[in-house]
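Presented below is the structure to which this report refers.
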Amino acid sequence: MEQLHFQFDKKTVQNIHTKSEYFKYFTIRKYFQDFIRKYKLGVEKCSRLSNKSANIINQFLNSQFSALDSKKSRWTLASAIGIYAIFFMNLYVPFNVQKWPQNIDMPQFLYLSAFGIVAWVYLILTQIVLKEHLNFQRFTNKHFIVWTTLELLLISFLMALLFGERQSDLLHEYWLAIKQSLLVGLIPYSGVILYFKFSEKNRRSISTNHLVKITDSNGDLKLVVDNSQLLFLNSADNYVEVYYLKDGLIKKELVRTTLKILEHQLSNQPIRRCQRSYMVNINRVAVIQKNSQGYNIELNGYDKPIPVSKNYKQYFVDLLNDLQSE
């Protein structure tokens, strides 16, 4: 940032003859110096707030969105919206249905129910078939926002083609279809998302104690972290590196102890040994992949694979089967 300067030259000072003018000169000079100082402080404060806001937004957009990871949740979403749309359209008969084309040779109940049936089929295609085909390795909040927006725009276009007035302007019908689809789908879509979002906090959890307490070899408490934020532990000679999330950022704490001691201390937590040098939070397991050396684990919030040794393979194979069966 270009710095601002306010300066009087010597000639100006020499031209000041009276004490009052001399006083005015230094008063003005002090005023401008204070103004520049406050201006710089304000700019720095705004810059810090802007950077902090940008970091918060970026962390949110890149955070894992796992509410609809399982097939069960996606089937529930499609079915809930389809059933809700059928009941809503037939119960309230909204959107000036009486003014729609009257030459349709079918009962009004079936015609209105077609909205829900079309929405159900469409969401099965997008949420079940298409998502399975694309096979996202990590579905973030950013992906969810883009995906949901495209779903709304595409289904609205489909509704405008199927149910819009043929003699009306297509863009006008498309805009009406967007508003109608949003009004009908907002409540069931939000309800299903919130239900599975809160449910996932307890998924695969094996402990009601949410605080993980890490002590050193002398028994002194070194770290307390929520088990949902703990990633993994890594042995490093006579120390253990504890990796965890804080405000969306990966942090590392070095504790003088051994994995054997911590394995005993944390037996009531969802932390399991996967290799001689590693213990992982099983609630953070996103992917378990088989390779030529055995298996690797990928964790939500950490982008590097963690090895699984033969001695602990069966436990994580069973966990993989549980994940695939959801």
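Owing to the predicted nature of the structure, the values given are computational and were not obtained by experimental measurement.
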Working to the nearest 0.5 Å, report the span between [atom1] of [X] and [atom2] of [Y].
X: S309; Y: R276; atom1: OG; atom2: CZ; value: 9.5 Å
X: L211; Y: L223; atom1: CG; atom2: CG; value: 10.5 Å
X: L154; Y: L125; atom1: CG; atom2: CG; value: 11.5 Å
X: T126; Y: Y122; atom1: OG1; atom2: OH; value: 5.5 Å
X: I128; Y: L123; atom1: CD1; atom2: CG; value: 9.0 Å
X: I86; Y: L110; atom1: CD1; atom2: CG; value: 10.0 Å

[X]: partners by ring-ring contact (aromatic ring centres under 6.0 Å, His included), with sequence neighbours left out:
X: Y189; value: none
X: H143; value: F136, F139
X: F87; value: none

Does anything in [range] form a salt bridge (charged side-chain N to carboxylate O under 4.0 Å, His left out)? List the pairs, not counting sequence neighbours.
range: residues 148-159; result: none
range: residues 255-266; result: E263-R273
range: residues 168-178; result: none

Exercise. By side-chain contact (heavy atoms from CB on, under 4.5 Å), which residues pair with I261, not counting sequence neighbours?
Worked result: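 T257, T258, Q265.
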
Exercise. side-chain contact (heavy atoms from CB on, under 4.5 Å) with N296: which residues, sequence neighbours excluded?
Worked result: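 N296 satisfies side-chain contact (heavy atoms from CB on, under 4.5 Å) with N291, P305, P307 once adjacent residues are dropped.
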
Search all heavy atoms of [X] against all heavy atoms of [Y] and return the closest pair with its distance.
X: Y278; Y: L259; result: N-CD1, 3.6 Å
X: S73; Y: V192; result: O-CG1, 4.2 Å
X: T215; Y: V255; result: O-CG1, 3.8 Å
X: I178; Y: L152; result: O-CD1, 4.1 Å
X: N227; Y: P270; result: ND2-CD, 3.9 Å
X: K142; Y: N62; result: NZ-OD1, 3.5 Å

Does any non-hydrogen side-chain atom of [Y] lie less than 4.5 Å from one of [X]?
X: L171; Y: W175; answer: no
X: R284; Y: Y302; answer: no
X: N90; Y: F115; answer: no
X: Q289; Y: E298; answer: yes
X: Y174; Y: L161; answer: no
X: I306; Y: L299; answer: yes
X: L231; Y: N281; answer: no
X: R37; Y: Y39; answer: no

For this session: Begin from the C-alpha positions of M279 and C274 and carry the test side chain to side chain contact (heavy atoms under 4.5 Å, CB included) through to its verdict.
Result: CA-CA 6 Å; M279 291 177 66; C274 66; over 6 Å; no

Ignoring hydrogens and angles, write down the donor-acceptor pairs under 3.5 Å from the side chains of residues 74-85, residues two or more places apart or on other chains.
| residue | atom | partner | partner atom | Å |
| --- | --- | --- | --- | --- |
| R74 | NE | Q127 | O | 2.6 |
| R74 | NH1 | L68 | O | 3.0 |
| R74 | NH1 | D69 | O | 2.8 |
| R74 | NH2 | E132 | OE2 | 2.7 |
| T76 | OG1 | K72 | O | 2.7 |
| S79 | OG | W75 | O | 2.9 |

Exercise. Is it true that atom CG of D220 has more than 12 heavy atoms of other residues, nucleotides or ligands lying nearer than 6.0 Å?
Worked result: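 Atom CG in D220 is crowded, with more than 12 foreign heavy atoms closer than 6.0 Å.
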
For this session: Mark yes when over 12 heavy atoms from residues, nucleotides or ligands other than I187 sit less than 6.0 Å from its CD1; otherwise mark no.
Result: no

hydrophobic_cluster_shared for [Y] and [X], side chain cutoff 4.5 Å:
X: I124; Y: V184; answer: no
X: L130; Y: I155; answer: yes
X: M89; Y: L176; answer: no

For this session: Please assess E253 against I214 for the test side chain to side chain contact (heavy atoms under 4.5 Å, CB included), listing each intermediate value before the final yes or no.
Result: CA-CA 10 Å; E253 185 78 17; I214 307 292; over 6 Å; no

Problem set entry | Linked hydrophobic residues, L254 as query - side chain contacts closer than 4.5 Å |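 Taking Ile, Leu, Val, Met, Phe, Trp and Tyr as members, L254 shares its hydrophobic cluster with Y239.
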
Exercise. Between S228 and N283, is any side-chain donor less than 3.5 angstrom from a side-chain acceptor?
Worked result: no

Exercise. Have N55 and N51 got a donor and an acceptor in their side chains that come within less than 3.5 Å?
Worked result: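 Judged by distance alone, the side chains do not pair up.
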
For this session: Just do the side chain to side chain contact (heavy atoms under 4.5 Å, CB included) check on D216 and L221 with the steps written out, would you?
Result: CA-CA 7 Å; D216 62 13; L221 185 63; over 6 Å; no

Exercise. L266 and L233: side chain to side chain contact (heavy atoms under 4.5 Å, CB included), yes or no, with the steps?
Worked result: CA-CA 11 Å; L266 304 178; L233 312 177; 4.0 Å; yes

Please report, to 0.1 Å, the donor-acceptor pairs under 3.5 Å made by any side chain of residues 241-249, with sequence neighbours excluded.
| residue | atom | partner | partner atom | Å |
| --- | --- | --- | --- | --- |
| E241 | OE1 | N234 | ND2 | 3.1 |
| E241 | OE1 | Y243 | OH | 3.2 |

Exercise. Where the side chain of S50 meets the backbone of C46, is there a donor-acceptor pair that is under 3.5 Å apart?
Worked result: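 No: the side chain of S50 does not pair with the backbone of C46.
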
Exercise. Does Q269 reach the main-chain N or O of I271 with its side chain, forming a donor-acceptor pair under 3.5 Å?
Worked result: no

For this session: Please identify each residue that fulfils salt bridge (Lys or Arg N to Asp or Glu O under 4.0 Å) with D226, with sequence neighbours left out.
Result: none

